[in-house]
Amino acid sequence: MREDPSGHVAVVGAGVIGLAVAWRAAQRGLRVTVVAPDRTPGTASDVAAGMLTPATEAAFGEEPLMRLGALSRDRYPAFAAELEAETGLPSGLRTAGTLQVAFDADDLARLAETRDLLDRLGLATERLTGRACRELEPMLAPGVRGGFLAPDDHAVDPRLLTAALRAALRGRGVRTVREPAAAVLTADGRVRGVRTASGADVPADRVVLAAGVWTSGIGGLPGGVVPPLRPVKGQVLRLLLPDGEPPLITRTVRGLVRGTPVYLVPRDGREVVLGATQEEMGADLRPTAGGMWELLRDAHALVPGVSELEVAETRVGLRPGSPDNEPLLGPTAVPGLHLAAGHFRHGVLLTPATADALADALTGGALPDYARRFSADRGSDGSEAPQWT
Ligand SMILES: Cc1cc2nc3c(=O)[nH]c(=O)nc-3n(C[C@H](O)[C@H](O)[C@H](O)COP(=O)(O)OP(=O)(O)OC[C@H]3O[C@@H](n4cnc5c(N)ncnc54)[C@H](O)[C@@H]3O)c2cc1C
């Protein structure tokens with residue numbers, strides 16, 4: 001069903017996903033209001049490392065997600081350039097590729113399996129000996145066994161990206177209601193807007209729920225329309241090089257250290273982000289000594305120089321995990337209600353593909369082909385109650 005192009009859309013949530021959906025919707029001529037509090041502790045976009053790494057994060061059984069990730073990654077340069085041209089602000093996109101390394105022989109064997117998978121998927125990588133890895137990144141530990149370069153796996157700075165998106169929304173006159181949404185308003189089975197926590201109503205004929213892990217807590221909807229999203233805790237450390245020092249690493253380094261993944265992401269300026277734990281702990285926002293110790297232990301095994309850096313910040317974010325760990329995109333069983341949620345470990349990577357897909361769904365009524373598998377109503381059989389419970 002084609003949607004009214006002059007209609008009013010309320011986007012609930014202002015992480016990377018909500019902001020990018022709002023931007024693309026405004027570009028298509030829709031009247032957009034963003035409903036979100038200024039700050040929610042645990043917001044994933046404030047904490048994310050910003051890796052755009054479908055190849056180096058490839059996992060068996062996740063091939064469709066990797067294909068979506070590769071499509072989204074390939075849209076990033078144009079997405080970032082367009083945003084920068086519109087706002088004059090950077091997104092921190094770095095296109096130096098990603099080096100994946102192995103600490104010991106078992107880790108190297110696991111990387112060989114990953115490379116086989118990447119070959120089958122047609123994702124480019126270049127196999128490297130330990131010495132070749134150190135030629136690319138001289139600060140790597142002498143014991144690093146080998147690895148591969150993923151030349152197309154890049155990184156962005158999510159805080160710069162969200163700041164630029166906010167500026168783009170201001171420039172396009174998008175209204176922001178700085179409150180949590182409490183409920184979606186419906187009448188005659190259709191969406192009519194959003195009620196905020198203070199009881200104010202924001203009328204809209206389409207609503208996009210993009211509130212990360214908080215999406216499934218928004219009321220007013222029949223059971224099962226929004227699947228339960230679970231918080232997956234991630235701890236990161238932000239480290240700083242001393243002023244005037246050359247960079248420790250020049251591209252993202254991901255490593256397997258005795259079977260445990262760890263990454264170091266350099267940013268423009270002095271910062272290196274070190275991450276991340278992955279903990280099924282509910283909505284626990286405490287940084288822990290154990291989490292920091294594991295990150296530092298494994299990062300130090302790969303790049304011993306990290307121990308010289310200043311600790312600027314420890315952060316915890318909540319990845320929004322859907323029941324099948326795949327994102328939930330587009331129209332739902334409730335007319336006018338769309339989801340852009342459940343992006344779990346890949347929300348920054350999937351931002352351009354998600355925003356374009358939602359803009360298509362909001363204006364044309366349907367998701368583009370590449371996003372259909374991730375349709376928000378895939379838990380529904382189309383006639384009975386959705387199976388999400
Ligand atoms: C440690 C860590 C590292 C990560 N690294 C990467 C990475 O390298 N690459 C990658 O692609 N992804 C990464 N991710 C995943 C990525 O951060 C998430 O998938 C992505 O940020 C999800 O974005 P979002 O906008 O859906 O949710 P969030 O960023 O969580 O934003 C949720 C928004 O909803 C708002 N909100 C909350 N409650 C309400 C309410 N009731 N009403 C309205 N608004 C509300 C919040 O204020 C916030 O604006 C990482 C995540 C973590 C935790």
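The residues of the chain are indexed from 1 along the displayed sequence. Atoms within a ligand are numbered from 1 in the order they appear, just like the ligands themselves.
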Requested in this report: Among all protein heavy atoms, pick out the one at the shortest distance from atom 46 (C) of ligand 1; state its residue, atom name and that distance to 0.1 Å.
Outcome: Thr40 OG1, 3.3 Å
Query - Under 4.0 Å to a heavy atom of Arg319 - the qualifying atoms of ligand 1, by number - result: 1 (C), 2 (C), 51 (C), 52 (C), 53 (C)
Query raised in the report: So do Val12 and Val208 actually touch side chain to side chain, heavy atoms under 4.5 Å?
Result: no
Query raised in the report: Would you say Pro37 contacts ligand 1, with heavy atoms under 4.0 Å as the rule?
Result: yes
Query - Which segment of Lys233 sits under 4.0 Å of ligand 1 when only heavy atoms are counted - result: neither
Query raised in the report: Has Gly50 got any heavy atom lying under 4.0 angstrom from an atom of ligand 1?
Result: yes
Query raised in the report: Below 3.5 angstrom, do we get any N/O pair linking Phe344 and ligand 1?
Result: yes
Query raised in the report: Does a donor on one side chain sit under 3.5 Å from an acceptor on the other, for Glu294 and Gln235?
Result: no
Requested in this report: From atom 29 (O) of ligand 1, work out which of Ala276, Ala183, Ser45, Gly18 has a heavy atom at the shortest distance.
Outcome: Ser45
Requested in this report: Decide whether an N or O pair under 3.5 Å exists between Ala48 and ligand 1.
Outcome: no
Query raised in the report: What protein heavy atom sits nearest atom 38 (N) of ligand 1, and how far away is it?
Result: Trp214 CB, 3.4 Å
Query raised in the report: Using a distance-only test with no angle check, is there a side-chain donor-acceptor pair under 3.5 angstrom linking Thr196 and Ser198?
Result: yes
Query raised in the report: Is Thr43 touching ligand 1 with its side chain, its backbone, both, or neither, if touching means heavy atoms under 4.0 Å apart?
Result: both
Query raised in the report: With only distance considered, is Arg39 within less than 3.5 Å of ligand 1 through an N or O on each side?
Result: no
Query raised in the report: When only distance counts, is Gly42 in polar contact with ligand 1, meaning an N/O pair under 3.5 Å?
Result: no
Report summary line: Quick note on ligand 1: atoms under 4.0 Å from a heavy atom of Met51 include exactly 7 (C), 8 (O), 9 (N), 10 (C), 11 (O)
Report summary line: For Val16, the atoms of ligand 1 under 4.0 Å from one of its heavy atoms are 21 (O), 23 (O), 25 (O)
Requested in this report: Return the option from Gly219, Ala155, Gly347, Gly317 holding the heavy atom at the smallest distance from atom 53 (C) of ligand 1.
Outcome: Gly317
Query raised in the report: Are the side chains of Arg190 and Val334 in touch, meaning some heavy atoms are under 4.5 Å apart?
Result: no
Query raised in the report: Is Glu82 salt-bridged to Arg24, cutoff N-O under 4.0 Å?
Result: yes
Query raised in the report: In terms of atom number and element, which parts of ligand 1 are under 4.0 angstrom from non-hydrogen atoms of His346?
Result: 10 (C), 11 (O), 12 (N)
Query raised in the report: Testing Leu161, Val156, Leu93, Asp74 for side-chain contact (heavy atoms from CB on, under 4.5 Å) with Phe79, which one passes?
Result: Leu161
Query - Pair Arg110 + Asp107: basic N to acidic O under 4.0 Å - result: no
Report summary line: Counting heavy atoms under 4.0 Å, the part of Leu350 that contacts ligand 1 is neither
Query raised in the report: Can you list the ligand 1 atoms lying under 4.0 Å from a non-hydrogen atom of Ala36?
Result: 43 (C), 44 (N)
Report task. For atom 11 (O) of ligand 1, find the nearest protein heavy atom and state the residue, atom name and distance (0.1 Å precision). Result -> Leu349 N, 2.8 Å
Query raised in the report: Are Asp104 and Arg145 close enough for a salt bridge, meaning some N to O gap below 4.0 Å?
Result: no
**Report entry** Close side-chain approach of Trp23 to Glu86, heavy-atom, < 4.5 Å
**Finding:** yes
Query raised in the report: Do the side chains of Leu274 and Leu296 get nearer than 4.5 Å, heavy atoms only?
Result: yes
Requested in this report: Closest by any non-hydrogen atom to atom 28 (P) of ligand 1: pick that one out of Ala341, Ala44, Gly342, Pro320.
Outcome: Ala44
Query raised in the report: Quick one: which of Arg373, Arg372, His343 gives a side-chain contact (heavy atoms from CB on, under 4.5 Å) with Leu329?
Result: His343
Query raised in the report: Is the shortest side-chain N to carboxylate O distance from Arg270 to Glu245 below 4.0 Å?
Result: no
Report task. If you have a sec, work out which protein heavy atom is nearest atom 27 (O) of ligand 1 and how many Å separate them, to one decimal? Result -> Gly212 CA, 3.4 Å
**Report entry** Any N/O pair Arg345/ligand 1 closer than 3.5 Å
**Finding:** yes
Query raised in the report: Do any N/O atoms on Ala49 end up under 3.5 angstrom from N/O atoms on ligand 1?
Result: yes
Requested in this report: Measure the shortest side-chain to side-chain distance between Arg378 and Ser322 over non-hydrogen atoms and say whether it is less than 4.5 angstrom.
Outcome: yes
Requested in this report: Establish, from distance only, whether the side-chain atoms of Thr332 and His338 form a donor-acceptor pair under 3.5 Å.
Outcome: no
Query raised in the report: Is Arg120 paired with Glu63 through a side-chain N to carboxylate O contact shorter than 4.0 Å?
Result: no
Query raised in the report: Which atoms of ligand 1 sit under 4.0 Å from any heavy atom of His343?
Result: 19 (O)
Query - Between His154 and Thr98, a side-chain donor and acceptor under 3.5 Å - result: no
Query raised in the report: Tell me: protein heavy atom nearest atom 34 (O) of ligand 1, and distance?
Result: Ala211 CA, 3.3 Å
**Report entry** Contacting atoms of ligand 1, where contact means under 4.0 angstrom from a heavy atom of Val236
**Finding:** 1 (C)
Query raised in the report: Which one of Val213, Asp46, Val35, Ile17 has a non-hydrogen atom at the shortest distance from atom 43 (C) of ligand 1?
Result: Val35
Query raised in the report: Just wondering, are more than 12 heavy atoms of other shown residues or ligands nearer than 6.0 Å to CZ in Arg127?
Result: no
Requested in this report: List every atom of ligand 1 that sits less than 4.0 Å from any heavy atom of Gly15, numbering the atoms from 1 in the order shown and giving each element.
Outcome: 25 (O), 29 (O), 31 (O), 33 (C), 48 (C), 49 (O)
Query raised in the report: What residue and atom, counting heavy atoms only, is the protein's closest point to atom 40 (C) of ligand 1, and at what distance?
Result: Ala181 N, 3.6 Å
